[in-house]
Amino acid sequence: EDLKIWIKAIELSKEVYLLCQYLPRDEKFGLISQLKRSEISIPSNIAEGAGRNSNKEFIHFLGIANGSSYELQTQIILCKELKLLSQEEIKIVLELISEVQKMNYVFQQKLKSNI
């Protein structure tokens, strides 16, 4: 709970959940479900990696979290392209995704230098 990247990923998750309220109900089992799976994967994999026994394992789980962040980014952009959400509505989420991606990269580099 002390990791800044995990805290930022939790903030991102909350914003995505709030954003999903604006999507049509008929997307509940499609895009909304996929958005929630992607976003919850980010802090979950950070947490799982932190609980592992080595930096090498932690880096692996950070890589999975990073992949999920790009998946989420793609889905958010698709929502805009489909005109389900506006640029204004997705702005904060896209900024948070970018922050998490940058933090993840820096953190991975730091862990790699300690292997």
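The model shown is predicted, which means the values in this text are computed figures rather than measured ones.
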Sole residue of Ile5, Leu72, Ile10 in side chain to side chain contact (heavy atoms under 4.5 Å, CB included) with Ile42:
Leu72
Straight-line distance of Leu94 CG to Glu99 CD, nearest 0.5 Å:
12.0 Å
In this structure, CD of Gln73 is separated from CG of Leu96 (nearest 0.5 Å) by 12.0 Å
Heavy-atom closest pair (Gln108 atom, Gly63 atom, distance to 0.1 Å) is NE2-N, 3.9 Å
Can you check whether Arg37's main-chain N or O pairs, donor with acceptor, with Ser41's side chain at less than 3.5 Å?
no
Without swapping roles, check the side chain of Ser113 against the backbone of Lys110 for a donor-acceptor pair under 3.5 Å.
yes
Should Leu31 and Tyr22 be counted in the same cluster of Ile, Leu, Val, Met, Phe, Trp and Tyr side chains packed under 4.5 Å apart?
yes
If only side-chain N and O atoms count, and only distance matters, is there a donor-acceptor pair under 3.5 Å linking Asn53 with Glu57?
no
CD of Glu88: more than 12 outside heavy atoms within 6.0 angstrom?
no
Transitive ILVMFWY side-chain link Tyr70 to Leu78, under 4.5 Å:
no
Is there a chain of hydrophobic side chains (I, L, V, M, F, W, Y, each step under 4.5 Å between heavy atoms) that links Val16 to Leu23?
yes
Look at the side chain of Ser69 and the backbone N and O of Asn66, then say whether any donor-acceptor pair between them is shorter than 3.5 Å.
yes
Could you grab the distance from atom SG of Cys79 to atom CG of Leu84, nearest 0.5 Å is fine?
5.5 Å
Can you tell me if Glu89 uses its side chain to pair, donor with acceptor, with the backbone of Ser86 under 3.5 Å?
yes
According to salt bridge (Lys or Arg N to Asp or Glu O under 4.0 Å), who are the partners of Glu48, at least two apart in sequence or on a separate chain?
Arg52
More than 12 heavy atoms of other residues, nucleotides or ligands under 6.0 Å from CG of Asp2: yes or no?
no
Once you round to the nearest 0.5 Å, how far does OG of Ser44 lie from CD1 of Ile64?
11.5 Å
To the closest 0.5 Å, what do you measure between NZ (Lys36) and CD (Glu39)?
8.0 Å
Is a donor on one side and an acceptor on the other found under 3.5 Å between the side chain of Asn55 and the backbone of Lys112?
no
CZ-CD1 distance between Phe61 and Ile46, expressed to the nearest 0.5 angstrom
12.5 Å
Residue pair Lys28 / Ser33, side-chain heavy-atom distance below 4.5 Å:
no
Given the rule that I, L, V, M, F, W and Y join up when any side-chain heavy atoms are under 4.5 Å apart, are Ile90 and Ile92 in one cluster?
yes
According to a 4.5 Å side-chain heavy-atom criterion applied to Ile, Leu, Val, Met, Phe, Trp and Tyr, with indirect links allowed, do Val106 and Ile7 form part of one hydrophobic cluster?
no
Considering all heavy atoms, the nearest Pro43-Ile40 contact:
CD-O, 3.5 Å
Does Lys14 pair with Glu11 as a salt bridge, N-O distance under 4.0 Å?
no
Using every non-hydrogen atom in the two residues, find where Leu3 and Ala50 come nearest and quote the distance to one decimal.
CD1-CB, 3.9 Å
Do Lys4 and Lys8 touch side chain to side chain, with heavy atoms closer than 4.5 Å?
no
